[in-house]
**Student:** 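Here it is, the structure in full.
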There are 2 protein chains.
Amino acid sequence: MGMTIKDIAKKCGVGVSTVSRALNNHPDINPETKKMILKTVEESNFVPNNSARNLKRTDSKSIAILVKEIDNPFFATMMRVMEKKIRKQKYSFFIQHMGKDQDEVDTALELIKEKKLRGIIFLGGDFRKNKERIAKIKVPFVVSTSAFDKLPEKCIASYVSIDDRAESRKIVDHLCETGHKKIAILASDKKDENIGKLRLEGYREALKAHGLEVDEERICYLDEEDTTYSMENGYRMMKKLLKKETEFTAVFAISDLMVIGACKALLEEGKRIPEDVAVAGFDGLDYTGFYQPAITTMAQPVEEIARQSVGILFDMIETKKSKEGKYLPATLKERESTTGGRRKWKQD
Amino acid sequence: MGMTIKDIAKKCGVGVSTVSRALNNHPDINPETKKMILKTVEESNFVPNNSARNLKRTDSKSIAILVKEIDNPFFATMMRVMEKKIRKQKYSFFIQHMGKDQDEVDTALELIKEKKLRGIIFLGGDFRKNKERIAKIKVPFVVSTSAFDKLPEKCIASYVSIDDRAESRKIVDHLCETGHKKIAILASDKKDENIGKLRLEGYREALKAHGLEVDEERICYLDEEDTTYSMENGYRMMKKLLKKETEFTAVFAISDLMVIGACKALLEEGKRIPEDVAVAGFDGLDYTGFYQPAITTMAQPVEEIARQSVGILFDMIETKKSKEGKYLPATLKERESTTGGRRKWKQD
DNA sequence: TTGTACGCGTTATCAG
DNA sequence: CTGATAACGCGTACAA
């Protein structure tokens, strides 16, 4: 089963080191013998054993992307952008997924040792806890899409993300400014300590800034048993809200997926968007623009986050120093679901 | 930087094999020394080197999922289901992505050697070509979501997929049966030899079966420079079709993503769905059900494909024999975009 | 129950 | 330019 470098050496009548040189594009080797060796390699179905390679190698020139939440709809785009940029730097790289319950630090640590990584990019995952454990990661890494409150010391680290609280506040501002005074929110679960919490805080801030009181009845939390930001959950939450007959003239969902479900529920109940209820989401997923009516949302600068994450990582690899974390601006897409084509709807 | 098993041994004043035994839950070790060792391991930030492990190991009890097209919207679900089922079998596993230009066979071969895999599941990727090269894969594998014309000999292999041609035909049948005679299609690019081609063939067959002639003017091909099944592309294609003023009373898009874009284009032009144009997609993405109007689609049995893929793989690992490839039935979701609540629309 | 010593497949270091 | 040989870190016979 296992063809090894030794077998190839024997077949070619050369030493193993010569084969190794041929395989790894080493300079000091006779082009002819190299050609000959590579040919027999091809014919022999020889596949080098990466474990042995990594074990011996000291310098790898490779980085890994560790993806936590597969569900996240814009990770696909980010991964594509990152791949391109990393390849351009002549680095090898690979993408690996982690299960929901897999620990990000542990797998990172393993991977670093196994592959002799130069750096890591984390996509998703929660880095607000685990602070001491994170310190164990000794290669540069950047957290993409989520931020640290403060960078872990003793690490070479950074983050690239949007400022969830501020951007959330802005989109709720927008709702206020179009005249709404009774704004409901589809939030994440009560225990959430991550971006869901931040977006809810942004909502609260915006209301206060506009002199509106926060009516807890208008805050719909995600069920703690199923905390995914899904259309289904958005639908359910909105149905429930409608049943309560709490008054509201606008809804802000902290995720575009949820907002789609919410729209379905509203339309089913005969509500018009935005005439009866204005609607806004968050994230900037493509299909909010394709929905009828087009849905207002806060668009994450997905490609820019990806690009800068890679940029910063290479920077840190070179300087061996942490870089300041970066908040990139999201852009408010004002669309029909809140403006209805006009600038203001509610003006009571 | 590198704590090794030797260092731990020294620290504990024991031999390396004892440490190894503690780490790998071997039975013949004194519980106390084991406890002691594990404690120092914890304190020392020791991380075992997987490369060295894999190099030595012969039996791995692990399988890999190789994902090719990140874009595919239901891969996330599939991966989740697979993970669960594999874990239940006490196998370790991991998911790895491949770039667009990365060769699936090569990476598989490397991984098999590196990790001593027992089996592989391929998600996406094209296995209709490369037939001889595939034969090099000596561990059982199943191709999920795409089918072989015939199973590669000398391999332990199988596939689980829907019958794209037949299911495509069925949904176009549905359009015919609701009275449509002028049915357009948003197809993939002309050079496509994969599922896109099959779905187009299904369309042709359905029309013929209903005594309708295939008007090439009603076949819209994806641009060869950007062959992704995206909303954006669906939108563009539909705009173009509308400009041509080719007559049609129904559209079938070979992907749900494209159908969303198409709907946008139709609604923008003031067409009503389904009164003016009936609309159908393919894949069964959640989103179609939440759209207004809800869109008729052919739903892939995503979870079942995932489940059976894993099942078959374990089966092959055990028996060491290929299993017959499997076509799983898709289910037609008749929704408002074609029925409008009634059973038939066009009846001329 | 424990420790010693060897080998897994490569690459790196030398001496030729 | 090439070939022997020593690591790389770990698992595992085998001996104790």
Side-chain angles (χ1 to χ4, degrees), chain A residues 1-38 40-41 44-62 92 109-117 138, chain B residues 1-38 40-41 44-62 92 109-117 138:
Chain A
M1 173 79 176
M3 200 35 98
T4 83
I5 201 176
K6 251 181 184 164
D7 301 322
I8 300 292
K10 233 169 248 169
K11 259 195 187 174
C12 298
V14 299
V16 284
S17 38
T18 310
V19 179
S20 177
R21 278 188 274 263
L23 252 28
N24 296 293
N25 283 325
H26 272 276
D28 40 354
I29 181 175
N30 186 320
E32 280 179 35
T33 49
K34 178 172 177 177
K35 204 185 235 172
M36 185 263 272
I37 290 173
L38 289 182
T40 23
V41 162
S44 312
N45 291 339
F46 165 72
V47 178
N49 185 323
N50 275 326
S51 290
R53 279 188 151 169
N54 292 325
L55 187 56
K56 189 60 194 160
R57 259 206 260 271
T58 158
D59 179 31
S60 77
K61 260 212 149 189
S62 75
S92 85
L109 255 23
E110 276 186 30
L111 235 46
I112 291 168
K113 262 217 176 169
E114 181 177 343
K115 309 267 185 168
K116 306 261 161 51
L117 297 181
K138 291 306 179 197
Chain B
M1 170 81 177
M3 216 7 116
T4 82
I5 201 176
K6 246 181 185 166
D7 303 321
I8 301 292
K10 232 169 247 167
K11 258 193 187 174
C12 298
V14 301
V16 283
S17 44
T18 310
V19 179
S20 177
R21 278 188 273 264
L23 252 28
N24 296 294
N25 282 327
H26 272 277
D28 41 354
I29 180 175
N30 186 320
E32 280 179 33
T33 49
K34 178 172 177 178
K35 204 185 234 170
M36 186 262 273
I37 291 172
L38 289 181
T40 24
V41 162
S44 315
N45 291 337
F46 165 71
V47 178
N49 185 322
N50 276 325
S51 289
R53 278 187 152 169
N54 291 324
L55 189 57
K56 199 65 189 116
R57 261 205 258 272
T58 158
D59 179 32
S60 77
K61 260 211 148 191
S62 75
S92 85
L109 255 24
E110 275 187 30
L111 234 47
I112 292 168
K113 261 217 176 167
E114 181 177 344
K115 308 268 185 164
K116 306 265 160 51
L117 297 181
K138 292 306 180 197

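So that the names make sense, note that chain A is the first sequence line, chain B the second, and so on, each numbered from 1.
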**Student:** Applying side chain to side chain contact (heavy atoms under 4.5 Å, CB included), name anything that partners K115(B), two or more places apart in sequence or on another chain.
**Tutor:** E114(A), N54(B), F94(B), L117(B)
**Student:** Can you list the residues that meet the side chain to side chain donor-acceptor pair (under 3.5 Å) rule with K61(A), with sequence neighbours excluded?
**Tutor:** none
**Student:** By side chain to side chain donor-acceptor pair (under 3.5 Å), which residues pair with N25(A), not counting sequence neighbours?
**Tutor:** K34(A)
**Student:** With sequence neighbours left out, write down each residue that passes side chain to side chain contact (heavy atoms under 4.5 Å, CB included) with K10(B), or none if nothing qualifies.
**Tutor:** none
**Student:** Which value, rounded to the nearest 0.5 Å, describes the distance between I112(B) atom CD1 and N49(A) atom CG?
**Tutor:** 12.0 Å
**Student:** Measure the CG-CZ distance between L38(A) and F46(A) for me, rounded to the nearest 0.5 Å.
**Tutor:** 11.0 Å
**Student:** With a 4.0 Å cut-off on heavy atoms, is T4(A) in touch with a base, just the backbone sugar-phosphate, or nothing at all?
**Tutor:** sugar-phosphate
**Student:** Out of curiosity, L109(A) CG to K138(A) NZ, how far, rounded to the nearest 0.5 Å?
**Tutor:** 9.5 Å
**Student:** Determine the contact category for N24(B): base if any of its heavy atoms lies under 4.0 Å from a base atom, sugar-phosphate if only primed atoms, P, OP1 or OP2 are that close, otherwise nothing.
**Tutor:** sugar-phosphate
**Student:** Distance from N50(A) atom CG to L55(A) atom CG, nearest 0.5 Å?
**Tutor:** 12.0 Å
**Student:** Identify whether any heavy atom of R21(A) sits under 4.0 Å from a base atom; if not, whether one sits that close to sugar-phosphate; answer base, sugar-phosphate or nothing.
**Tutor:** base
**Student:** Would you list the atom pairs, donor with acceptor, under 3.5 Å between side chains in residues 16-24 of chain B and any protein atom, with sequence neighbours excluded?
**Tutor:**
from: S17(B); atom 1: OG; to: R21(B); atom 2: NH2; distance (Å): 3.4
from: S20(B); atom 1: OG; to: N24(B); atom 2: ND2; distance (Å): 3.4
from: N24(B); atom 1: OD1; to: R53(B); atom 2: NH2; distance (Å): 3.3
from: N24(B); atom 1: ND2; to: S20(B); atom 2: O; distance (Å): 2.8

**Student:** Can you pull out the residues from residues 27-38 of chain A that lie within a 4.0 Å heavy-atom distance of DNA chain C?
**Tutor:** none
**Student:** Report the distance from atom CD1 of I8(A) to atom CD1 of I37(A), rounding to the nearest 0.5 Å.
**Tutor:** 9.5 Å
**Student:** Compute the bend angle of the helix from dT1(C)-dA16(D) to dG16(C)-dC1(D) from the end axes (five pairs per end), rounded to 10°.
**Tutor:** 40°
**Student:** To the closest 0.5 Å, what do you measure between OG (S51(B)) and NZ (K56(A))?
**Tutor:** 13.0 Å
**Student:** Where each residue is assigned the nucleotide of DNA chain D containing its nearest heavy atom, which of A52(B) and T18(B) is assigned the position nearer the 5′ end?
**Tutor:** A52(B)
**Student:** With sequence neighbours left out, write down each residue that passes side chain to side chain donor-acceptor pair (under 3.5 Å) with K116(B), or none if nothing qualifies.
**Tutor:** none
**Student:** Under the rule for side chain to side chain donor-acceptor pair (under 3.5 Å), what residues qualify as partners of S62(B), not counting sequence neighbours?
**Tutor:** S60(B)
**Student:** Give the residues of residues 7-14 of chain B touching DNA chain C, defined as any heavy atom closer than 4.0 Å, sorted by residue number.
**Tutor:** G13(B), V14(B)
**Student:** Taking heavy atoms of chain A and a 4.0 Å limit, find me the 5'-most and 3'-most nucleotide of DNA chain D within that range.
**Tutor:** dC1(D) to dG9(D)
**Student:** Could you tell me whether a side-chain N or O of K113(A) sits under 3.5 Å from a main-chain N or O of V47(B), the two making a donor and an acceptor?
**Tutor:** yes
**Student:** Between which nucleotides of DNA chain C, 5' to 3', does chain B make heavy-atom contacts below 4.0 Å?
**Tutor:** dT1(C) to dG9(C)
